[in-house]
2 protein chains.
Amino acid sequence: MTLKELSEQLNVSPSTISRVLNDKPGISSKTREKVLEAVKQTGFSLNYAARNLATSEPRFIGIIGRKRGGQQDSIFFHHSMAQFEEYFEHSEYQCVNLSVYKEEVDFTGTPLSVSDFAGFIVRGQSFPVRTILTLKQTGVPIILLENKLSETNLDHVVCEDRQIAFDLTKHLIDRGYKKIVHITGPESWYNNRERIAGYIDALTQAGLKSEILSMEDTTVDTGSEAFERLQPNKLEHLGIMMVNDAMAIGFLDTARKRGFLVPSDIGVTGFDDIPWARLAYPPLTTARVFIEQMGKLAAGRLMQMIEDPDSRPIAIRVPGEIIIREST
Amino acid sequence: MTLKELSEQLNVSPSTISRVLNDKPGISSKTREKVLEAVKQTGFSLNYAARNLATSEPRFIGIIGRKRGGQQDSIFFHHSMAQFEEYFEHSEYQCVNLSVYKEEVDFTGTPLSVSDFAGFIVRGQSFPVRTILTLKQTGVPIILLENKLSETNLDHVVCEDRQIAFDLTKHLIDRGYKKIVHITGPESWYNNRERIAGYIDALTQAGLKSEILSMEDTTVDTGSEAFERLQPNKLEHLGIMMVNDAMAIGFLDTARKRGFLVPSDIGVTGFDDIPWARLAYPPLTTARVFIEQMGKLAAGRLMQMIEDPDSRPIAIRVPGEIIIREST
DNA sequence: TTGTAGGCGTTATCAC
DNA sequence: GTGATAACGCCTACAA
């Protein structure tokens, strides 16, 4: 059904209905109610295409992340996606997931183009800076979630990576581990760099020497691999501050297979508190990151940016929470 | 840039460019190439809204599932979503996730309406039949993934739930467990019913008595709870055929805490082979379900249905693969 | 407070 | 083979 058809039924003009449906002023409450009632009865809804053609106001929110095919990302993906969708549900915006396996966001051959987007949420680390900068040049508001760019001023929502890493490291020190190693992923990722800084802060404060092992990725498998590369011996009484839970769980698994006792021979901390962390054996000491809250904050801030395109970029930082279990 | 603007640059009419871009016949290869070249140069792309308004051809694929807030769903969600998106990437269609917490799909207040959708993929179990039937009445092609409706003939992609459940149960019998219990979720879910059938098939064949415990949900927590409800004793030499991995992992965790040895006191099998199954302690015997492949099949079949709306509904069934680890 | 008319960018139909 | 023209359904001046 079209506006015109409905208007004929109601003996009003299409514009009147349009005004009611767009909450425009200057309509008598009597007609307004009559229209609203009829809309409800008939289940009428405005045609997106026609509407967008007339106003050229974009109605989509693009959620962008890089798919890495790994399992460790799926929980974060799911939880933050759910927050975005919930936030924009029944708003005038529709979320669309634009995550790609490649390094570029590419609309060719796609029904949508950049001009259909009111804003973008860019999730996570594994995106080249160049790609984000290209996106920025479109002029569409962008907010980064779990990332931050030093190259340019972009709104972003991150957790207090550095502080949390500091706290975790300090916890290992307090537990009395002799040598404390940090195992991390690519240093091109913002949060890895921050966590390294927090680790070093804590060691420096305690007068200990730092040792960092960087892996190519941050999966369960690279966690296992890290154990093999490290070749720990029990006398070292090692404390491991892992950059995330998935790696920590892989590390724990291999340590157990090699006959190491956790936490007595080696202590391990994770980062994120994914649902499986408490089910690891032994249950993983880690830091809870409030990803749902962060997702909601990102969506809310993006909405502000859309409504007020001139607002200056801000940083939103969400604290974490250390959760001590039996792996330390 | 608009078609008209581009046409002025090129000294051809808008219709000509439109024809080229839509692969219509009746264009000299010279003009065709000239246009294609200019489009590439300028990065021009057709306006979705205008295009849709003119053709009224829907360009969206709706992915529908019910969000349950649990973690156990996220891996399946992520993996199948990734397959849909990959399949429709650079097609004329755009995937949109319409998953909801409620029981209805509701477009009110949303920029999109039913008429924007070329097809729907309905994922998983936790949707009332009524909702799916309502959706069906729109006339838009629908395919069910990991579900099947006896109420009506709908295309669907499922795994061989019954056969796999049979194989898992048989494995427990072969391992010599005395009493074999099946722990499942709501019987309103298609795959739970199928798995129960497979379990009973195997027990009947072996001349054993069945015992089924149904829980409200199929999460890690309900897995733990199932252990408490069952109150096993070691003399029973129990084999547990769990309806999924998450529950099995919860069960294992609690069993260990209560001092039970797996697999000697109790044997446990999962279902799905989620990435965490091999990391459970002990590593979980389970059945691998090829969710990526199933997602791709669903997308492909939906595409066929869109192209040929009269094709008769079919069932696609994908076998699983038993993976024996140390929990049995 | 309400109605009328023109235009948004594309496609389809018809004419050349 | 190509160009003109009329829709598609909605919004927004402007008119009443």
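A, B, ... follow the sequence lines: proteins, then strands. Residue 1 opens every chain.
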- [ ] Please tell me which of A:Asn47 and B:Gly26 maps to the more 5' nucleotide of DNA chain D, matching each residue to the nucleotide holding its nearest heavy atom.
- [x] B:Gly26

Open item on the list: Between A:Asp308 and A:Met305 (side chain of the first, backbone of the second, donor and acceptor by atom type, cut-off under 3.5 Å), is there such a pair?
Closed with: no

Open item on the list: Rounding to an integer number of Å, can you tell me how far A:Glu8 CD sits from D:dC10 P?
Closed with: 12 Å

Task: Student check: side-chain heavy atoms of B:Val129 and B:Thr131 closer than 4.5 Å - done: no

- [ ] Give a yes or no answer on whether the side chain of B:Arg193 reaches the backbone of B:Ser188 with a donor-acceptor pair at less than 3.5 Å.
- [x] yes

Open item on the list: Contact between B:Cys159 and B:Glu146 at the side-chain level, heavy atoms closer than 4.5 Å - yes or no?
Closed with: yes

Open item on the list: Rounding to an integer number of Å, can you tell me how far B:Glu33 CD sits from D:dG1 P?
Closed with: 14 Å

Open item on the list: One character per nucleotide, please: for nucleotides 11-16 of chain D, 5' to 3', B when the base has a protein heavy atom closer than 4.0 Å, S when only the sugar-phosphate does, - otherwise.
Closed with: SBB---

Task: For atom CG of B:Asn11 and atom P of D:dT2, their distance in whole Å - done: 13 Å

Would you give me the side-chain donor-acceptor pairs under 3.5 Å for residues 36-43 of chain A, sequence neighbours excluded?
from: A:Glu37; atom 1: OE2; to: A:Gln41; atom 2: NE2; distance (Å): 2.9
from: A:Thr42; atom 1: OG1; to: A:Ala38; atom 2: O; distance (Å): 2.8
from: A:Thr42; atom 1: OG1; to: A:Val39; atom 2: O; distance (Å): 3.4
from: A:Thr42; atom 1: OG1; to: A:Phe44; atom 2: N; distance (Å): 3.3

TODO: Name the residue closer to the 5' end of DNA chain C, choosing between A:Ser28 and B:Lys4 according to the nucleotide with the nearest heavy atom.
DONE: A:Ser28

Open item on the list: Categorize A:Phe44 for me: base, sugar-phosphate, or nothing, with a 4.0 angstrom heavy-atom threshold over every strand shown.
Closed with: sugar-phosphate

Open item on the list: Quick one: does any side-chain atom of B:His78 pair with a main-chain N or O of B:Phe76 as donor and acceptor, under 3.5 Å?
Closed with: no

Task: Distance-minimising heavy-atom pair for B:Asn192 and B:Pro186 - done: ND2-O, 2.8 Å

Open item on the list: When the axes are fitted on five pairs at both termini, how much does the helix from C:dT1-D:dA16 to C:dC16-D:dG1 curve, in 10° steps?
Closed with: 40°

TODO: Please collect all salt bridge (charged side-chain N to carboxylate O under 4.0 Å, His left out) contacts where either partner lies in residues 292-305 of chain B, sequence neighbours excluded, each pair once.
DONE: B:Asp155-B:Arg301

- [ ] Output yes when a side-chain donor or acceptor of A:Asn47 lies under 3.5 Å from a complementary backbone atom of A:Ala49, and no otherwise.
- [x] yes

Without placing hydrogens or testing angles, list every side-chain donor-acceptor pair under 3.5 Å for residues 138-145 of chain A, not counting sequence neighbours.
from: A:Thr138; atom 1: OG1; to: A:Leu135; atom 2: O; distance (Å): 2.6
from: A:Thr138; atom 1: OG1; to: A:Val140; atom 2: N; distance (Å): 3.3

TODO: Return yes if some donor-acceptor pair links the side-chain N/O of B:Thr55 with the main-chain N/O of B:Glu57 below 3.5 Å, else return no.
DONE: yes

Task: Nucleotide range of DNA chain C lying under 4.0 Å from chain A heavy atoms - done: C:dT1 to C:dG9

